[in-house]
Amino acid sequence: MRGTEKLYVRLVNRVPGIRDRYRKKRMQAKGAGRGAVWFYLLGLNISYYVFHNKKLATLEKYPYYESKSLPGSGSESALSHREAPEELAKKLSEFDVISFDVFDTLIFRPFFEPADLFFLMGARLSYPDFKRIRQEMEQKAREHKYKKEKHYEVNLSEIYDLMERETGIDKASVMQMEIRLEQEFCFANPYMKEVVDSLRQMGKRLIITSDMYLNTEQIRELLRRCGLGEFDAVYVSCDYGKSKSKGDLFDLIKQAEGSAHPDICRMAHVGDNKVSDLERAERHGFTAVHYVNVNTAGEKYRAEDMSAITGSLYRGIVDAHIHNGLHIFSREYEFGYIYGGLFVTGYCRFIHEFVRNYSIDKILFLARDGYVLSKAYHILYPEEDDTWQYVYWSRLAAEKVTAAHFKYDYFRRFLYHKVNQGYRIADIFATMELEDMTEPCCQRLGLSPDAELTDRNADDLKKILLDDWDEILDHYAEQREAGRLYYASVLENCGSAVAVDIGWAGSGAITLDCAVNRIWQLNCPITGIVAGTNTCHNAEPDTSETFLQGGRQVSYLYSQRENRDIWKLHDPGKGHNLYWELLLDAPTGSLKGFYLNAEGQCECRFKAYDESRTEKLNEIHRGIFQFAAQWKALGEKLSLWPETEKLSQISGRDAYEPMLLAMRGEGFCESFAELMDDPNL
């Protein structure tokens with residue numbers, strides 16, 4: 001290796017973060033400025049090796065775990081709340097002509113970056129790196145234009161002339177594809193639609209002013225398809241060779257509008273770009289109204305460490321909904337919409353794919369976490385309502401029904417998890433529903449029923465209970481029979497099922513499968529689907545590994561085998577489990593057990609529930625369901641073409657990221673502590 005190569009490796013390649021920053025600066029530099037990049041590189045090395053700036057150890061764009069400062073109080077949408085649309089319309093009505101920018105003002109794309117639309121084109125064309133190539137061709141077309149005509153304004157046809165020449169793709173079909181995709185995916189800004197509708201009712205003259213490669217007719221058609229109607233005039237940069245960014249397009253508009261309508265003297269322009277829509281408009285005689293770009297407003301709060309397509313779609317949808325200015329949402333709604341919506345939607349799609357791939361007969365959404373999941377599943381797949389059921393099951397009920405098979409877990413739950421926590425022995429027997437055995441057992445133990453369960457007497461109590469084990473099982477005979485009646489009805493004519501739960505040890509599905517097939521002999525194998533597993537921070541991290549490895553249980557977000565970094569990060573001791581359970585929390589108490597009523601039928605009984613939590617829980621759920629509906633609408637558009645249908649799939653790692661940001665946001669999740677203070681969680 002030559003000396004210069006060794007120096008390059010030492011200064012550039014040794015530290016990924018330095019390499020990433022150097023390359024970015026190198027690409028931006030031109031001409032003599034490239035010499036300064038070497039001083040920049042030297043400064044990075046000094047910062048890292050001398051001053052121990054460890055931030056330089058990781059890539060700037062891809063931090064190992066990102067963290068952002070989230071709104072500490074109130075809701076995020078309140079930060080972008082604007083005056084009511086009718087109030088803005090009233091102010092704008094004082095002008096003779098009102099001009100509007102198009103993209104990011106009147107209409108939105110469901111993407112964080114406009115160019116991300118090209119991902120869809122690349123998928124349809126099966127053309128690698130199409131997005132970057134399409135951007136490169138546009139830039140080259142603008143440079144060629146400047147050389148010829150001293151301006152950078154090109155139209156779509158000119159871009160695709162160059163595209164066809166340099167890539168070999170067919171200009172006509174691919175250019176039409178881009179136009180069609182814009183028409184399919186663009187949608188009206190709900191705030192600005194109300195403004196436009198109000199001004200139109202007042203009879204005001206409304207025009208369009210846009211720096212864009214789509215021509216006038218293409219812009220008009222796009223606005224019509226978005227439900228924004230016809231505008232009195234459209235001025236697009238590519239048709240006139242003039243632009244807002246330069247300012248000469250505003251001069252052209254003043255002249256054109258003034259010549260056609262001599263009485264016109266006052267003009268206003270509404271747009272999102274601080275330079276072209278605000279500064280240039282005011283400099284050239286317009287009163288400018290700044291509509292803050294929704295993605296700019298939301299960027300500092302959005303999760304970015306996600307895959308390119310899912311991340312763009314997620315950020316684009318959320319920012320457009322939260323920051324358009326039309327509504328102030330509650331903090332609970334935003335917790336569900338922003339942080340839980342992607343997870344619930346992705347989890348339901350994961351469940352759907354698993355059931356379809358393995359020809360499962362029925363989905364059992366286990367109470368209580370399955371409450372929200374079942375409702376979201378209905379939103380996403382209403383045609384499949386006969387394939388799933390929300391069913392009652394709980395760890396408490398399972399311990400009693402399956403006590404004969406899981407004796408160790410029975411004592412761990414009822415005794416050892418409550419040692420030295422202030423529980424009386426009488427409380428323990430009451431929880432086990434063995435009240436009639438309390439006095440005899442305590443006499444043999446030599447303790448009062450009011451004595452506290454401690455590490456000193458727990459083993460002795462267990463020995464006494466083991467001696468009376470058959471009597472204990474007899475106490476649960478009714479519950480076993482009632483449970484059999486309940487699930488015999490649920491699983492009638494069913495040859496296979498999945499049991500869906502949040503996690504974490506996966507005991508819900510494991511115990512249910514035992515009850516269904518070993519105790520009740522209903523002959524319906526049950527596979528467990530969990531959102532996440534136990535992690536390395538659990539006392540029993542390997543609890544379900546044999547089930548996961550053998551395919552009797554699958555996990556969506558993470559496990560020891562998939563997304564292992566999250567398996568190492570997710571920590572129940574820090575409350576992480578509770579944050580996720582809060583998203584799915586049902587406004588009911590958990591199942592206490594199955595019992596037989598006077599008619600010999602199954603009766604489900606539940607623990608007490610604090611009704612004061614219901615309103616806030618419903619707000620969390622409303623946010624989740626709204627996101628699911630919006631993602632479904634997006635997925636339906638993508639499904640119009642087989643090549644893009646799968647692009648709306650959500651990986652478990654992407655689904656975790658927004659919640660990871662919330663959990664790492666100082667004080668954010670703690671603001672929901674009151675809701676999480678519930679014994680049912």
Side-chain angles (χ1 to χ4, degrees), residues 109-134 169 173-174 177-178 180-187 303-318 320 340-360 363 373 376-384 387-388 498 500 527 529 531-532 551 554-559 561-563 566 624 627-658:
R109 297 179 177 98
F111 306 102
F112 184 70
E113 296 285 352
D116 290 341
L117 177 78
F118 305 145
F119 279 128
L120 309 188
M121 298 182 67
R124 291 202 63 197
L125 294 167
S126 295
Y127 204 110
D129 205 21
F130 181 85
K131 174 193 170 184
R132 188 194 60 77
I133 295 170
R134 165 63 178 77
I169 67 168
S173 61
V174 180
M177 180 194 299
E178 181 172 332
R180 183 181 175 188
L181 285 173
E182 292 278 21
Q183 293 171 348
E184 288 287 346
F185 286 94
C186 287
F187 59 97
E304 296 181 71
D305 189 19
M306 303 171 71
S307 61
I309 297 172
T310 298
S312 179
L313 293 171
Y314 165 75
R315 291 188 292 272
I317 290 173
V318 170
L342 191 72
F343 155 61
V344 171
T345 304
Y347 192 19
C348 285
R349 292 177 67 98
F350 177 83
I351 295 163
H352 177 262
E353 286 297 309
F354 184 89
V355 168
R356 185 171 64 177
N357 291 340
Y358 290 93
S359 302
I360 303 296
I363 304 171
L373 293 171
Y377 199 88
H378 166 71
I379 292 171
L380 294 166
Y381 307 105
E383 70 282 1
E384 297 181 17
T387 68
W388 63 265
V498 293
V500 177
T527 301
I529 301 182
V554 293
S555 178
Y556 172 55
L557 294 172
Y558 62 81
S559 66
R561 298 191 304 160
E562 297 181 3
N563 298 328
I566 296 297
I624 290 172
F627 183 93
Q630 292 175 352
W631 195 274
K632 177 189 177 183
L634 176 64
E636 288 174 345
K637 292 179 180 179
L638 290 169
S639 66
L640 294 175
W641 303 282
E643 301 89 350
T644 58
E645 182 177 9
K646 294 286 187 180
L647 296 187
S648 61
Q649 296 285 55
I650 303 165
S651 73
R653 187 61 181 83
D654 281 336
Y656 195 98
E657 188 63 24

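Note that the structure is predicted; figures quoted are calculated from it, not measured.
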Q: Checking side-chain contact (heavy atoms from CB on, under 4.5 Å) for the pair Val554/Phe350: CA distance, chi angles, key distance, verdict?
A: CA-CA 10 Å; Val554 293; Phe350 177 83; 4.1 Å; yes

Q: State, to 0.1 Å, how close Leu638 and Ser648 come at their nearest heavy-atom pair, and which atoms those are.
A: CD1-CB, 3.6 Å

Q: Can you name the closest pair of heavy atoms from Gly551 and Thr527 and give their distance?
A: O-CG2, 3.8 Å

Q: Got a second to check how far Tyr314's OH is from Phe627's CZ, nearest 0.5 Å?
A: 7.0 Å

Q: Only one of Arg349, His352, Glu384 passes side chain to side chain donor-acceptor pair (under 3.5 Å) with Tyr377; say which it is.
A: Glu384

Q: Can you measure from CD (Glu383) to NE2 (His378) and round to the nearest 0.5 angstrom?
A: 10.0 Å

Q: Could you walk me through whether Val498 and Tyr358 pass side-chain contact (heavy atoms from CB on, under 4.5 Å), step by step?
A: CA-CA 10 Å; Val498 293; Tyr358 290 93; over 6 Å; no

Q: I'd like to know if the side chain of Tyr347 and the backbone of Tyr556 have a donor-acceptor N/O pair within less than 3.5 Å.
A: no

Q: Starting from the C-alpha separation in whole Å, work towards a yes-or-no answer on side-chain contact (heavy atoms from CB on, under 4.5 Å) for Phe130 and Val174.
A: CA-CA 12 Å; Phe130 181 85; Val174 180; 4.3 Å; yes

Q: Kindly indicate whether the side chain of Phe343, heavy atoms from C-beta on, has any atom under 4.5 Å from the side chain of Ile624.
A: no

Q: Looking at Arg653 and Glu657, is any side-chain nitrogen of the basic one under 4.0 Å from a carboxylate oxygen of the acidic one?
A: yes

Q: So, the side chain of Lys131 versus the backbone of Gly122: is there a donor-acceptor pair under 3.5 Å, distance only?
A: no

Q: Mark yes or no for whether Asn563, through its side chain, and Leu557, through its backbone, hold a donor-acceptor pair below 3.5 Å.
A: yes

Q: Closest heavy-atom contact between Met121 and Leu181?
A: CG-CD1, 3.3 Å

Q: To the closest 0.5 Å, what do you measure between OG1 (Thr310) and CH2 (Trp631)?
A: 5.5 Å

Q: May I ask you to test the Val500-Trp388 pair for a side-chain heavy-atom distance under 4.5 Å?
A: no

Q: I need the Ile529 CD1 to Phe354 CZ distance, nearest 0.5 Å.
A: 5.0 Å

Q: Between Asp654 and Ile650 (side chain of the first, backbone of the second, donor and acceptor by atom type, cut-off under 3.5 Å), is there such a pair?
A: no

Q: For a quick test of reading the model, state the closest non-hydrogen atom pair linking Gly532 to Ser555 and the distance between them.
A: CA-OG, 3.5 Å

Q: Using the rule given for salt bridge (Lys or Arg N to Asp or Glu O under 4.0 Å), can you reason through Glu304 versus Arg315, listing the C-alpha separation, both sets of side-chain angles and the distance that settles it, and then say yes or no?
A: CA-CA 8 Å; Glu304 296 181 71; Arg315 291 188 292 272; 5.7 Å; no

Q: Can you find a heavy atom in the side chain of Phe118 that is under 4.5 Å from one in the side chain of Arg132?
A: no

Q: How close do Pro110 and Leu634 get, heavy atom to heavy atom, and via which atoms?
A: CG-CD1, 4.0 Å

Q: Could you check Ile169 against Tyr127 for side-chain contact (heavy atoms from CB on, under 4.5 Å), going step by step and ending with a plain yes or no?
A: CA-CA 10 Å; Ile169 67 168; Tyr127 204 110; 3.6 Å; yes

Q: Between CG of Leu125 and CD of Glu643, what distance do you get to the nearest 0.5 Å?
A: 8.5 Å

Q: List for me each residue that meets side-chain contact (heavy atoms from CB on, under 4.5 Å) alongside Glu184, sequence neighbours excluded, and say none if there are none.
A: Arg180, Leu640, Trp641

Q: Between Leu373 and Cys348, which heavy-atom pair has the shortest distance, and what is it?
A: O-SG, 3.6 Å

Q: Within the distance-only criterion (no hydrogens, no angle test), does the side chain of Ser312 pair as donor or acceptor with the backbone N or O of Phe112 below 3.5 angstrom?
A: yes

Q: First locate atom CG of Leu120, then atom CZ of Phe111, and finally report the distance between them rounded to the nearest 0.5 Å.
A: 4.5 Å

Q: For the residue pair Ile363 and Ile351, establish whether any side-chain heavy-atom pair is separated by less than 4.5 Å.
A: yes

